[in-house]
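Accompanying notes for the structure given below.
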Amino acid sequence: MSGENGQDERDPDAPGTGGQEGEQLALIRETVRKTRAKPRTWRGAALAGELPVARVLVDKGLVHLDQYFDYAVPAAMDAEAQPGVRVRVRFGARVVKGRREGGTLHDGFIVERRVDSDFHGPLAPLAQVLSEERVLGPALLALCRQVADRYAGSLADVVQLAVPPRMARAERDPSPAPLPDPPPPAPGSWERYATGPAYLAALARGDTPRAVWLALPGPHWPHELAVAMATALAGGRGALAVLPDGRAAARVDQALTELLGEGRHVLLTADAGPEERYRRWLAVSRGAVKAVVGTRAAMFAPVADLGLVALWDDGDSSHAEQHAPQPHARDVLLLRSREERTAFLLGGVTSTVEGAQLVDSGWALPLAASRAAVREAAPLIRTVSDADQARDEAARAARLPSLAWQVTREALTRGPVLVQVPRRGYLPRLACDRCRTPARCAACAGPLELKDQAGTPACGWCGRPAADWHCDECGGVRLRARVVGARRTAEELGRVFPSVPVRTSGRDTVLASVGDAPALVVATPGAEPVADGPGYAAALLLDGWALLNRPDLRAGEEALRRWALAAALVRPAGQHGTVVVLAEPTLRPVQALVRWDPAGHALRELAERAELRFPPVARMASVTGSPAAIADVMDTVRLPPGADLLGPVPVAGHDAAGGGRRERGDRGERGEPWERLLIRVPPGAGAALAAALKQVRVARAARGAAEPALIRMDPLDIG
DNA sequence: AGCACGCCGACT
DNA sequence: GTCGGCGTGCTC
């Protein structure tokens with residue numbers, strides 16, 4: 001076609017037109033469109049002989065289009081321009097009178113070296129090979145591809161999560177020589193689980209056992225996780241464990257060091273700092289170290305010969321990545337387990353519905369202890385119902401019912417007492433004292449807050465004071481603190497037990513552990529310190545109703561998880577370990593805690609989700625944006641069969657005018673409140689939904705859609 | 001996403 | 001006649 005000829009005429013390197021700087025190049029253009037082009041370059045440097053084309057994932061730029069771009073490999077870069085290395089390329093240039101102009105340097109990764117390109121046009125040369133380190137190897141690339149597809153996201157976004165930024169200094173140093181495989185560890189406390197030794201034996205054999213492991217309460221799980229990892233190492237394979245936070249990771253790290261010594265594993269957490277972290281990551285990428293313990297970013301760690309992936313406490317929300325496309329560690333590790341043919345271990349003190357589903361579908365086996373072993377390890381759980389509390393005179397005077405006082409007083413003679421309070425802060429939110437309906441602003445329906453001890457309650461959104469508040473539901477006029485924060489609880493307790501030290505652990509100061517001496521330890525969920533020695537003598541779980549009343553699909557599961565994690569730090573009932581939970585004993589999660597039956601709870605939740613066609617039995621995606629944006633998405637999308645739509649409903653706190661930095665929009669759509677639409681598809685159609693939504697994203701990005709829309713697979717916060 | 005080319009209204 | 005609006009399309 002003439003178009004191609006026209007391009008040839010402008011091509012300075014095309015045969016006959018003479019190259020730049022007089023360099024002669026063997027750059028023969030294809031003559032028929034069907035045949036692939038031999039690479040031609042614009043500048044005319046000599047090309048690499050064998051595989052002169054590098055397929056490059058350009059880091060920024062057309063991230064939404066999610067495609068590779070081919071570049072010519074100059075002969076001088078032939079050796080170092082290997083697949084997986086970081087490169088710098090010129091991108092976005094324009095042809096002006098036979099010359100390329102403009103274009104900015106972008107970082108990228110070579111994903112493949114090729115004989116030729118299917119791009120009809122002259123290739124720009126690689127500008128620079130930044131480093132010979134092959135950080136995006138084939139296995140990691142394939143994983144990123146799969147994660148991107150699963151979450152309807154772009155490859156570049158996922159790669160950015162998976163490959164840490166380069167730190168030249170860390171790259172210069174060689175990694176330590178790999179150590180020989182360690183001997184297999186003794187099963188130890190794994191014997192407490194009926195199928196524990198069998199699981200380890202399968203792991204040692206090189207099989208790929210998959211289990212959902214309900215860990216017994218108590219301090220043994222980090223060691224047990226380490227034993228599983230060491231067993232994989234002993235069999236000549238690698239192991240990866242992902243934990244919800246740095247403290248948990250540090251415990252497993254310590255257990256692994258005790259088991260294997262230094263040098264056979266690395267700890268990948270943010271605490272180490274970027275350079276040290278990259279140094280450790282490189283040791284993994286280079287195959288010098290085959291075991292990784294870390295927080296969620298470690299889920300991508302390119303462990304060689306991966307034999308086991310493990311995830312602890314998958315219900316913890318920090319396992320969901322914050323950056324696009326928000327992959328969840330459980331999903332990423334499930335993908336890895338399948339693709340890299342590894343064993344899988346999903347552990348926790350409780351089970352998520354997703355975990356229960358893995359067992360229910362037969363994909364994983366349950367790894368649990370007998371009822372007798374549970375009874376031996378679990379503390380005694382006692383409940384305080386609302387009725388108990390109301391009858392209790394002490395509840396009027398102070399914050400704690402008399403049972404809690406009795407238990408605390410007695411337990412403090414034997415050791416530390418844990419007090420779990422749902423939120424930090426000082427009387428943050430208010431509710432009707434009579435019916436417990438959350439108190440809302442009469443003007444804007446925002447939540448009422450108490451800024452200081454004595455002040456008037458005011459709206460947390462518009463700031464209006466609410467001096468003459470009354471409850472819309474029951475007409476009550478008294479407010480009560482929906483959640484009493486850690487600080488106030490600590491103050492009250494300190495006054496009642498003046499001789500006992502009070503320690504707090506919350507978001508700003510999280511204690512890893514406390515001693516075994518009597519003390520009151522006030523902590524928010526997830527920040528509970530481990531008590532040395534036999535554990536806490538007792539725990540008080542306060543404001544259970546606040547935890548359970550959250551308008552969230554997972555409220556029950558989450559309440560049980562938080563209670564059980566705290567209760568698991570308490571001594572067994574046989575050693576008088578007692579937990580007092582302020583919640584209705586008739587509620588399902590409370591019963592599950594009392595009986596210590598997290599598996600049963602998760603199975604019942606799973607059945608209910610199946611009945612209601614909720615995730616994870618069905619798969620969902622959310623589309624958030626202005627009504628126009630949502631309509632545009634829905635006009636574009638080709639949904640898989642069986643899909644149905646829920647909503648749209650207004651999204652709290654987000655609207656087009658207020659929310660953020662929206663520059664344009666003088667077209668009258670300003671002020672339109674944002675809405676969220678949920679798309680639900682039947683089991684098995686999740687991949688099709690993701691693919692459909694990805695197409696929408698690409699189409700909208702290409703068209704330069706005016707109204708932004710957030711598309712998200714498997715949103716966590718479904719009300 | 002940027003960034004340039006392209007085809008229709010009010011200015012020196 | 002020209003400067004400039006942002007609609008459309010491309011980037012290896």
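We name chains A, B, ... by the order of the sequence lines, and we start the count at 1 in each one.
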Listed once per pair and sorted, the side-chain hydrogen bond (donor to acceptor under 3.5 Å, both in side chains) pairs that draw on residues 122-133 of chain A, sequence neighbours left out: A/Ser131-A/Glu171, A/Glu133-A/Arg286

A/Tyr151 and A/Asp714: side chain donor to acceptor below 3.5 Å: no

Non-neighbouring partners of A/Asp635 that pass salt bridge (charged side-chain N to carboxylate O under 4.0 Å, His left out), sequence neighbours left out: none

ring-ring contact (aromatic ring centres under 6.0 Å, His included) involving A/Tyr68 - partner list, sequence neighbours excluded: none

Separation of atom CG in A/Asp107 from atom P in B/dA1, rounded to whole Å: 20 Å

Protein-nucleotide distance (A/Phe91, atom CZ; C/dC10, atom C1'), rounded to Å: 9 Å

Set of residues satisfying side-chain hydrogen bond (donor to acceptor under 3.5 Å, both in side chains) with respect to A/Thr352, sequence neighbours excluded: A/Asp314

Whole-Å distance separating the CG atom of A/Leu57 from the P atom of C/dT11: 18 Å

Distances under 3.5 Å between protein N/O atoms and the N/O atoms of nucleotides 3-6 of chain B, please, pair by pair.
none

Atom-to-atom span, CG of A/Leu126 to P of C/dC12 - whole angstrom: 13 Å

Value in whole Å for how far the P atom of C/dC12 lies from CG of A/Asp59: 16 Å

Under the side chain to side chain contact (heavy atoms under 4.5 Å, CB included) test, residues paired with A/Pro244 that sit two or more places apart: A/Ala248, A/Trp312, A/Asp313, A/Asp316, A/Ser318, A/His319

Distance, rounded to the nearest Å, where A/Asp157 contributes CG and B/dA1 contributes P: 12 Å

Whole-Å gap separating C1' (C/dC10) and NE2 (A/His120): 15 Å

Atom pair distance, as rounded to whole Å: CD in A/Glu112 and P in C/dC12: 19 Å

Touch class at under 4.0 angstrom, heavy-atom based, for A/Arg90 against every strand present: sugar-phosphate

